[in-house]
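First the proteins, then the strands, lettered A, B, ... as listed; each starts at 1.
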There are 2 protein chains.
Amino acid sequence: MSVLEKAAQVIDVLNRNLGPAKLGVIADEVGLPKSSAHRLLNEMVGLGMARRLEDGNYTSGYRLVQWGHAADLALGIRQAAEPIMRRLSDEVAESVHLHVPEGNHRVCAAGVPGPQTLRPVIRLGTILPLGVGASGKLLLAYATDRARAEARQQADDATEASWPDEGQLALLRERGWATSTAEVESGLTAISAAVLTRTGEALGALTVAGASSRLPAERCAELRPLVVGSAREIARALGA
Amino acid sequence: MSVLEKAAQVIDVLNRNLGPAKLGVIADEVGLPKSSAHRLLNEMVGLGMARRLEDGNYTSGYRLVQWGHAADLALGIRQAAEPIMRRLSDEVAESVHLHVPEGNHRVCAAGVPGPQTLRPVIRLGTILPLGVGASGKLLLAYATDRARAEARQQADDATEASWPDEGQLALLRERGWATSTAEVESGLTAISAAVLTRTGEALGALTVAGASSRLPAERCAELRPLVVGSAREIARALGA
DNA sequence: AACCCCGTTCCTTTATCCGGAACGTCGTTC
DNA sequence: GAACGACGTTCCGGATAAAGGAACGGGGTT
């Protein structure tokens, strides 16, 4: 295993615990001998990827924030989309996500938490499969044949069983929106609208998601035009 | 030179250009033979640190966004401080920064851009020296003797010449605020207030910065209580 | 068609990384 | 207060991954 991969795992551990972690714990979780973990962490501290607190524990370093911020700017999407998403979130009083396609999966590129206590947690950069959930199916409909085939291959049995056929995908492409209930998780309902370029490619999928009890069919129908409208607005803001 | 360091440099190049970069350019800037750069980038793409676009160019990957976001949460400061900073920025119509001490320098931990076209650029994670600028001097005043000595050693000649003596530092500690004009850059004025724990340690320095022409002495005096008040509020929000 | 610029692959040398073992240091227990 | 245990740190020879020169492929240009 390469150093880079190990470093990535260490960072993941540091971030997962959302708090300082001891050397031993890190070494354990990554599956490294203490001495190796020690050497690696020392180097990472030197490069600013990690920090060492006075009490000896390790945490994420400023360099990660720097990189993330810069990468955000490079992607650009977040800056353009978040104001619009925030407004939508206020209007519908639910959490709003934006997923972008990336190879044969999708990545969370922006998110605004809703006012509810029970709400989907937003974690930027999280990878989710195509084909699952409202935005998953929607992005699948716009994906290349190759990405679609790969995504299907990676799907688990349950997902594979309910895989949308060509007709359904064509319908989704025509409408530009999708809904899902209990696909990603039981109790979770989502309404998703495509953010399209002028040429009809999908830049991303804008999604309102919340507890199913708060989002029955009629409420979804109410929300749908708002989601579709905001998605169009984001597309415009991106110059598409 | 270690792989990790090279990877960090590659990421910096990817972020600096704020746009896709070609293999050759990256290899060049990092000072690596093409074949080595190629191998490294391939691995980074595999780990999600970089992405390859259809046209063959490389960009930052989603993993960086993920890490940055998580590191932000881990630090916690930004979440607590930004709403207060946004309000302050609205009130004073200038850019607002928050710097935290880290070893013998300071790091930009949060920022809200002001409405002006001519305004200091905010780049999270940027490292600045102690002792220079309003927040630099302020944080220097609260720094440990060791950090102070190290910072002084690293200072350039001009900075060294105007290095604050013990008396000045004591004054800054007593007041809890500082101003600077043309210290970091000519034409740039800043007013900074310390964010303190209950025990009197500095968690950070809150700074309003803008063009000197918009911030003459009397305007600074006007702004000062607002900055100090917001800094106190952030301290309270952080549970200090 | 010939050329050139880039990216890609290959392969051996080399330098880096690995991790067990031994050591220090602090806090805990008897 | 001595012995123990947990945890971090240092060291060093062997294992391994990284390096980069060289040769190849392919798309665009003169």
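Distance CG (B:Asn42) to C1' (D:dA18): 14 Å, rounded to an integer number of Å. Atoms NZ (A:Lys22) and P (D:dA6) sit 12 Å apart, rounded to a whole Å. As rounded to whole Å, 8 Å separates atom P of C:dG7 from atom CG of B:Asn57.
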* Before giving the answer on salt bridge (Lys or Arg N to Asp or Glu O under 4.0 Å), spell out for B:Arg106 and B:Glu102 the whole-Å C-alpha distance, their side-chain angles and the decisive distance to 0.1 Å. => CA-CA 5 Å; B:Arg106 60 193 161 113; B:Glu102 162 120 5; over 6 Å; no

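With C:dC17, C:dG7, D:dT9 as the choices, the nucleotide that has an atom nearest any side-chain atom of A:Arg52 turns out to be D:dT9. Nearest nucleotide to the side chain of B:Ser2, out of D:dT9, C:dC17, C:dT8: C:dC17. Residue A:Lys6 has its side chain nearest to C:dC18 when only D:dT9, C:dG7, C:dC18 are considered. In the set D:dG20, C:dC17, C:dC6, C:dC17 carries the atom at the smallest distance from any side-chain atom of B:Val3.
At a threshold of 4.0 Å, the pair A:Arg63-B:Asp12 counts as salt-bridged, since one of the basic side-chain nitrogens sits closer than that to a carboxylate oxygen.
Remark: side-chain polar atoms of B:Arg51 are not paired, donor with acceptor, to backbone N or O of B:Tyr58 under 3.5 angstrom.
Between the side chain of B:Ser35 and the base of D:dG21, a donor-acceptor pair under 3.5 Å is found.
One finds a side-chain N or O of A:His38 lying less than 4.0 angstrom from the OP1 or OP2 phosphate oxygen of D:dT9. An OP1 or OP2 oxygen of D:dG20 is reached within less than 4.0 angstrom by no side-chain nitrogen or oxygen of B:Arg39.
In the model, A:Ser192 has a side-chain atom that pairs as donor or acceptor with a side-chain atom of A:Thr207 under 3.5 Å.
Across all strands, B:Lys34 comes closer than 4.0 Å to base atoms (heavy-atom distances).
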